[in-house]
There are 2 protein chains.
Amino acid sequence: MNKDIPDIHDLLQDLSWYFGNQGFDDECCEDLSLAEYMALKKVYDIQNITIKELGVSLNITKSGISKIIDRLEKKCYVSRHQSSSDGRICCVLPTEKGNNAIHKISNRYSEYLDEILGAVDEEALQNIKDTLELLFKAIQDKGFIKSN
Amino acid sequence: MNKDIPDIHDLLQDLSWYFGNQGFDDECCEDLSLAEYMALKKVYDIQNITIKELGVSLNITKSGISKIIDRLEKKCYVSRHQSSSDGRICCVLPTEKGNNAIHKISNRYSEYLDEILGAVDEEALQNIKDTLELLFKAIQDKGFIKSN
DNA sequence: CAAATTAGTTGACGATGGAAACTAAATGCA
DNA sequence: TGCATTTAGTTTCCATCGTCAACTAATTTG
């Protein structure tokens, strides 16, 4: 094994702590929990995604994701729609409020990140992006570390 | 703002989901929650760290971190020691079991990451590590996004 | 030495997500 | 066609977790 691998994992884990629950919420993200935000983002990115697909892609059980969508719907960020072709399937769409929230939160975080990375030049930013993309694709292909 | 910033944030957030609670636990990490593992890692990295310092560095309230240490102590991963110079202060040390757990879990994750990044050449790995280090340092300097 | 500050603990509480049982719809196959 | 099986989603019960606020004990301040 390459000697950098453990260090890379360590860094990923520490970074994730910042971008996970510990770095989330507060005045930033309205009344959304991290899980709710992640689900809303998926709903925004993949319009008409089903409950099941949401659960799989976020690695949350179906009862878990069902309740997350309950909360998002109650707070008017998304709406459920029964599929016309298969009555069992429930498709989720963002509402106007949902779309706005995604934009607002994304902007807020981008400003934060911009402050942090203000001194980094464009080429380096491009490299950061490429690197993260490479990492994400690799990890996504492999699936979650847990059973899945 | 550089156009890559929002993409970088998005990638960081998605990656963090994998390395946060959603990608954690199960057969991998014995009976440790992610928060417990992060605390244990800090205790391991900074021997004799105080409860207060742990809370600050992990961005957890003092009652929260106190209970996390309770659990780690009950499961015999760490031990508390009263400071001899200041009776209010409680220093935390990993036990043998704690040290072993850190090594074991770190290895487990490194193997996982090694599988994922197996095809990546050494130079690229070095770049990944450098990039993540740059990111982490920048974010660490800035502090958590929330009040703190 | 009394008041204020600081470190840490505890109890009550709310939020959250999983397991299992359940409903309803679709599919398989005889 | 018709019943058994599978699939999507919901609901109930429950355990875990971290926060807030109140508390104890030790230290510092003046």
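Note on naming: letters A, B, ... go to the chains in the order of the sequence lines (proteins, then strands), and numbering restarts at 1 for each one. Remember, it's a predicted structure, so these values are computed and weren't measured experimentally.
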What is the separation between atom CG on A/D70 and atom P on D/dT12, rounded to the nearest whole Å?
11 Å

Can you identify which nucleotide, out of D/dT11, D/dG9, D/dC20, has its nearest atom closest to the A/T50 side chain?
D/dG9

Could you check which of D/dT27, D/dC20, C/dG8 has an atom nearest any side-chain atom of B/K62?
C/dG8

Spacing of B/E53 atom CD relative to C/dA7 atom P, expressed in whole Å:
10 Å

Could you give the distance from CG (B/L135) to OG1 (A/T131), rounded to the nearest 0.5 Å?
9.0 Å

Would you classify B/K52 as touching base, sugar-phosphate or nothing, given that sugar-phosphate means primed atoms plus P, OP1 and OP2, and contacts are heavy atoms under 4.0 Å?
sugar-phosphate

Closest to the side chain of B/R80, out of C/dT9, D/dT27, D/dC17, is C/dT9

Would B/Q126 and B/D130 count as having a side-chain donor-acceptor pair, cut-off 3.5 Å?
yes

DNA chain C: A/I60 or A/Q82, which has the more 5' nearest nucleotide?
A/I60

Distance check needed: D/dG9 C1' versus A/I49 CD1, whole Å only.
15 Å

Base, sugar-phosphate alone, or nothing: which one does B/G64 contact when heavy atoms must sit under 4.0 Å apart?
base

Rounded to whole Å, please give me the gap between CD in A/E36 and P in C/dG17.
7 Å

Tell me whether the OP1 or OP2 atom of D/dG9 has a side-chain N or O from A/S66 closer than 4.0 Å.
no

In whole angstroms, the gap separating C1' of D/dT10 from CG of A/L54 amounts to 15 Å

Distance check needed: C/dT5 C1' versus B/R88 CZ, whole Å only.
8 Å

Would you say the base of D/dT12 and the side-chain of A/K67 have a donor-acceptor pair closer than 3.5 Å?
yes

Pick base, sugar-phosphate or nothing for A/I65, based on heavy-atom distances below 4.0 Å to the nucleic acid.
nothing

How many whole angstroms separate atom CG of A/L58 from atom P of C/dT16?
15 Å

For A/F19, the ring pair (Phe, Tyr, Trp, His ring centres under 6.0 Å) test, sequence neighbours excluded, returns B/H9

Side chain A/W17, main chain A/Q22, donor-acceptor under 3.5 Å:
no

Quick one: does B/T50's side chain have a donor or acceptor within less than 3.5 Å of a partner on B/C90's backbone?
no

In whole angstrom, what separates B/I69's CD1 from C/dT10's P?
13 Å

